[in-house]
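Below is one structure; the comments refer to it alone.
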Amino acid sequence: RLRKWQKRARVKDSTERNLLFALGELDRMSSQLNLPKNLRETAALIYRKAVDENLIQGRSIEGVSAASLYASCRKLDVPRTLEEIAEVSRISKKEIGRTFRFISRKLNLDLNIVSPRDFIPRFCSKLNLSEKVKEKAKKIIHKAEEKNILSGKGPTGIAASSIYIASIECGEKKTQKEIAEIASVTKVTIRNRYKELVKKLGINL
Amino acid sequence: MTYKRVIFMDPEIKIENVVASASFDQELDLEEIYERFEDAEYNQEKFPGVVYRLTEPKTAALIFSSGKLVCTGAKNVDDVEVAVDKVINKLREAGIEIKEKPKTVVQNIVASADLDHPLNLNSIAIGFGLESVEYEPEQFPGLVYRLDEPNVVLLLFGSGKIVCTGGKRPEDCEKGVKKVKQELKDLGLL
DNA sequence: GCTTTAAAAAGTAACAT
DNA sequence: ATGTTACTTTACAAAGC
């Protein structure tokens, strides 16, 4: 009996140590990314739920932490790219992606599909672009969605291209290189997407 | 070719890859095979099997010391048999006794199909239910749809092209494609 | 879990010309 | 600026780490 009790105490101990470590990870990554408090709390809730459902089995605490953080951004519709999360984690974006897909399926997080629109406020702020550019970029995305020319395309590339077009239309032009760095996509992708948008939406630049 | 085929092959699928396994009921000396085959690969550290590529049919055979074999790359189920026959001949030419041809078991079939109509993956994800579908365009351009009956996984693309994998028989892929096609029609998304 | 093999889909990326 | 190659996803067997 005594052994059983000791074993339980040990298990409880390591469980608590692991939880503390994970919460510390979430806090560390969140501060590095300047994420708001409510988002950190959502991430902690998702992580705890993952622990309760035994989803950590066979996965690293760091990986599940990073995936929980990515998921919390998605839950609040202010997605970060896997690239951004991976930059403040020791885990690769490939692994964070798989872990995220796994926990979001198991926990029924019912997340909305990422829309390029979700990235507009953040990217534009980082680029010091006006409210006018933001609105114009969102209109471009809306038209593109109506025409169904976005299926399968990466949302960050589309957000970046829409901003590129809108910045020119508003006389606040940013270079493809500047936008590419903030959106973590290559300038080649921005070029390809913007050419397609201009052509299919009949935009005159 | 015939009538039956035309009628039942409706959602024309193209088999792209067949993976099959077989077992010679005898142990094999991989070092010996590696030495006697001009063009085989074998790195124990890298992988425990000998890799032997055939040009006709274009396939790759993985040979293990247990006497088991895996054949990949065949474009149809019959080519698996042709490939395995060639591997057996090659082994016999190399002076390795092979008693009889083992039964081959198809483990997986990958097929492609085309709906000839662009798809709105956003609408499909919502229509099929976010819980039964996976669509993460940042990570992969295809929508992943898992079917229980038949037990296959389908990848749907914005172009209307489809990939079906996980089937054990060509009919599994046929049925899988037919099923999604019908579901898309029912939802008015095709 | 990983390693290796094959093949398709479409998008993105990396490196070369 | 374009072109080529390569990597992402799905399924599956094999033996061994």
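By convention in this document, chain letters (A, B, ...) are assigned in the order of the sequence lines, proteins followed by strands, and residues within each chain are numbered from 1.
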Rounded to whole Å, the CZ-P distance (B:Arg146 to D:dT9) equals 12 Å
- prompt: Does A:Thr186 make a side-chain N or O approach to OP1 or OP2 of C:dA14 shorter than 4.0 Å?
  reply: no
Can you find a donor-acceptor N/O pair under 3.5 angstrom joining the side chain of B:Ser112 to the base of C:dA8? no
Between A:Val188 and B:Lys58, the residue closer to the 5' end of DNA chain C by nearest nucleotide is B:Lys58
Between D:dT9 and C:dA14, how far apart are the two P atoms, rounded to whole Å?
16 Å
Scanning all shown strands, the Watson-Crick or wobble mate of D:dC12 with both distances under 3.5 Å is none
Closest to the side chain of A:Arg98, out of C:dA10, D:dA11, D:dT9, is D:dT9
Among the nucleotides D:dA15, C:dA7, C:dA9, whichever has the atom closest to the side chain of B:Lys75 is C:dA7
Checking C:dT12, D:dA13, D:dA11 against the side chain of A:Arg193 (C-beta onward), the nearest is C:dT12
Checklist entry - Using a cut-off of 4.0 Å on non-hydrogen atoms, how would the nucleic acid contact of A:Gly152 be classed: base, sugar-phosphate, or nothing? => result sugar-phosphate
Checking N1-N3 plus N6-O4 or O6-N4 for Watson-Crick, or N1-O2 and O6-N3 for wobble, each under 3.5 Å, the partner of D:dT5 is C:dA13
Judged by nearest nucleotide, the residue sitting upstream toward the 5' end of DNA chain D, A:Arg191 or B:Gly166, is A:Arg191
With the side chain defined as heavy atoms from C-beta on, B:Phe64 is closest, among D:dA14, D:dT10, D:dT2, to D:dA14
Distance check, C1' atoms only: C:dA8 and D:dG3, in whole angstrom units. 22 Å
So with a 6.0 Å cut-off around CD of B:Glu97, is the heavy-atom count from everything else above 12?
-> no
* To do: Looking at every strand, decide which applies to A:Gly154 at a 4.0 Å heavy-atom threshold: base, sugar-phosphate, or nothing.
  => sugar-phosphate
### Query
Looking only at side-chain N and O atoms, does A:Lys94 come under 4.0 Å of OP1 or OP2 in D:dC7?
no
Pick the P atom in D:dC7 and in C:dT4, then give their distance to the nearest Å. 11 Å
Exercise. Under 4.0 angstrom, heavy atoms only, what part of the nucleic acid is B:Ser159 near: base, sugar-phosphate, or nothing?
Worked result: sugar-phosphate
Practice problem: Give B:Val110 one of three labels, base, sugar-phosphate or nothing, depending on what nucleic acid heavy atoms sit under 4.0 Å from its own. | Solution: base
Side-chain atoms of B:Phe140 come closest, of C:dT5, D:dT9, C:dA13, to D:dT9
Ranking C:dG11, D:dA14, D:dT9 by distance to the side chain of B:Lys68, first place goes to D:dA14
> D:dT2 and C:dA9: how far apart are their P atoms, nearest whole angstrom?
Replying inline: 24 Å
5'-most contact on DNA chain C (nearest-nucleotide basis), B:Phe157 vs A:Pro155, goes to B:Phe157
With the side chain defined as heavy atoms from C-beta on, B:Val19 is closest, among D:dA15, D:dT8, C:dA6, to C:dA6
Answer yes or no: are there more than 12 heavy-atom neighbours, outside A:Lys132 itself, under 6.0 Å from its atom NZ?
-> no
Re C:dA6: Watson-Crick or G-U wobble partner, both distances kept under 3.5 Å, found to be none
| Taking only side-chain nitrogens and oxygens of B:Lys46, does any of them come within less than 4.0 Å of OP1 or OP2 of C:dT3? | no
Picking from C:dA13, C:dG11, D:dA11, the nucleotide nearest the side-chain atoms of A:Val185 would be C:dA13
Check: OP1 or OP2 of C:dG1 less than 4.0 angstrom from a side-chain nitrogen or oxygen of A:Arg59, does that happen here?
Finding: no
Closest to the side chain of B:Lys168, out of C:dT3, D:dC12, C:dA10, is D:dC12
Among C:dA13, D:dA15, C:dT5, the one nearest any side-chain atom of A:Thr189 is C:dA13
Item to complete: Please work out if A:Ser184 contacts a base, only the sugar-phosphate, or nothing of the nucleic acid, heavy-atom cut-off 4.0 Å.
Response: sugar-phosphate
